[in-house]
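Heads up, the thing below is written out as structure tokens.
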Amino acid sequence: MSDPYKVLGVSPNATDDEIKNAYRELAKKYHPDNYSGSPIADLAGEKMKEINEAYDTIIAQRKQQKNGGYSSYNTSNGGYTNPGYAYYSNTGFGDVRNLIMLGRIADAEQILDGVPPENRNAEWYFLKGTVLYKRGWLEEAYNCLARACQMDPGNGEYRAAMNQVMNQRNGAYGGYNPNVTYANGCSGCDICSSLLCADCCCECMGGDLIPCC
Amino acid sequence: MVFGYIRPQKSEMLVREYEQYKAVYCSLCRQLGKSYGMMARLTLSYDCTFYALVQIAVGADCPGFKNGRCVVNPLKKCAYCNAGENELIAASALSVIMTYYKIKDDIADSRFLGKLRSALLLPFAARAHKRAARDFPWMDAIVSKSIQMQYEVEHRDNPCIDACAEPTSEMLRQIFESIAGKPENSESAKVRILRQFGYYLGRWVYLIDAADDIEKDIRFASFNPFVLKFQLNQSSTQEELDKVRGYVNQVLNLTLSQLIAALNILDLNCFGPIVDNVVKKGLPQIQKEILFKKEKMHVGSL
């Protein structure tokens, strides 16, 4: 295995906290949520595994050093484990789901397109949306997922996929959100907390800015 | 096909990163002159600089820098990369090839003045293009195929946004995937990630360009996927336009989320923070400037 410190991008002299921060930063980047439905999800999973192992190795080594090298430490330090992508197969489109899972997107789409329009149910739209999403046709995918949710509002699987896309559209995964004030803004909270700080400072020096507190 | 959207956000860069970025930019300018003549320098763009940057970043060698003088203005000092020549050569070829097709496209599309200007530039571009296409036939094939596909899509009946974006996405997908080298290891992690990266970068560029042109395309009744989708016309109100811009921003964010996901697992040996800055800060900034600035400013130089 390669140098665990290099994997996390930290120096071997880094403190435990620095290592933890570096690990968290990377875990956030490789988090499966960022890749659900993406054709490169498996590669992100590998990256996640790499940093988990690196983190566990470093922590174990350090524990061992601290304990004078006696204990063999049980490795599992709260690293993130990939829950995988759950495909339920008790449905009418088991074959399509299998093809999607195998990455045979074109074959899956061919079967889906062969379904006559009157037989296209919520699951059909969900799977069509999944296939389109993998192909990069994000807007058509969004429309299909919306249709699936509309046809079967109670289905958690469709809803989860839809929520993911909604969040991505609103800039939760990067991009620009016109409704959020960025860094240089000053909100009501900022004003209040600044005033409270000023009050505390005054009180230290014997004065008082806000008499009631 | 338009240039200049893929650029870093300068205010968020370290001075050292900015200098490195400029060094790649200046090196590309110099390489353009070396490979395709003085006039080819005019095709220099941020987009092709980014292409050079990513190529160097995923490559094995990190370039050092040496000081020199600007080739255009000898009074100005600037730095140059002392490695990455092959990457810069490929980027200059892409620059020349894309500009050539853009000029041809402008001759077909624009009105009198634009036509005249493009017609005057065409002989220079054609000569440079001939040499670039000889050196990089695969690149020329990818770009010309994409132009042809775009033409076909736009003449189809009511094409959807995804279909309109496909040719550009596909073009950059192939161009970025070729960074990883020969096709025999076509399923390596690097190829798969670069493929995704290129596809969504192309998609983003197409969409932002279309968004930028909404008003112009309404005025001249040119093809525009958003104008078509929302049936916009001369009598559309500012409110309607703002609503469309909000929608376009969401489409761009969704695209960017995929682009960032690919970038996050791409191994970069150097320039990592610069590439990160361009994708995570620069592109959203352009979205903001094009879609939400009250008085629209032209996106100028860095």
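Order of the sequence lines sets the chain letters (A, B, ...), proteins ahead of strands, with each chain counted from 1.
- Residue with the most contacts toward chain B among A/Ile40, A/Asn167, A/Leu26, A/Asn34: A/Ile40 (heavy-atom pairs, distance under 4.5 Å).
- Residue contact with chain B, scored on non-hydrogen atoms closer than 4.5 Å, involves the side chain of A/Lys47 exclusively.
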Between A/Glu139 and B/Tyr247, is a side-chain hydrogen bond (donor to acceptor under 3.5 Å, both in side chains) present by the stated rule, with each step listed? CA-CA 11 Å; A/Glu139 285 316 291; B/Tyr247 163 82; 3.1 Å; yes
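- With a 4.5 Å cut-off on non-hydrogen atoms, A/Asp42 touches chain B through its side chain but not through its backbone.
- When each of B/Glu166, B/Met98, B/Met139 is checked for a side chain to side chain contact (heavy atoms under 4.5 Å, CB included) with B/Met171, only B/Met98 meets the rule.
- Both the backbone and the side chain of B/Ala262 come within contact range of chain A, each with at least one heavy atom under 4.5 Å from a heavy atom of that chain.
- Taking chain A as the reference chain and counting heavy-atom pairs below 4.5 Å, the highest number among B/Ile265, B/Thr255, B/Val251 is found for B/Ile265.
- Of the residues listed (B/Leu256, B/Ile161, B/Asn249, B/Leu254), the one engaging B/Leu207 in a side chain to side chain contact (heavy atoms under 4.5 Å, CB included) is B/Ile161, and it is the only one.
- Per-residue heavy-atom pair counts under 4.5 Å with chain B were compared for A/Pro39, A/Ser38, A/Ala44, and the maximum is reached by A/Pro39.
- For the residue pair A/Asn52/A/Tyr23, the side-chain donor-acceptor check at 3.5 Å is satisfied.
- B/Arg203 touches chain A through its side chain: at least one heavy atom from C-beta onward sits under 4.5 Å away, while N, CA, C and O do not.
- A donor-acceptor pair shorter than 3.5 Å can be found between the side chains of A/Tyr133 and B/Gln258.
- Taking a cutoff of 4.0 Å between a charged side-chain nitrogen and a carboxylate oxygen, B/Arg173 and B/Glu170 qualify as a salt bridge.
- Between B/Tyr5 and B/Tyr46, the distance separating the two ring centers is not shorter than 6.0 angstrom.
- Of all the listed residues (B/Lys281, B/Gln196, B/Lys280), the one sharing the greatest number of non-hydrogen pairs under 4.5 Å with chain A is B/Gln196.
- Between B/Leu252 and B/Trp204 there is a side-chain heavy-atom pair separated by less than 4.5 Å.
- With respect to chain B, the highest number of heavy-atom pairs below 4.5 Å among A/Glu46, A/Arg169, A/Glu140 belongs to A/Arg169.
- Comparing A/Gly136, A/Ala172, A/Gly171, A/Ala141 by how many heavy-atom pairs each has under 4.5 Å with chain B, the most go to A/Gly136.
- Chain A forms the most heavy-atom pairs under 4.5 Å with one residue out of B/Leu291, B/Val279, B/Asp267, and that residue is B/Asp267.
- No part of B/Gln285 comes within reach of chain A, as not one of its non-hydrogen atoms sits under 4.5 angstrom from that chain.
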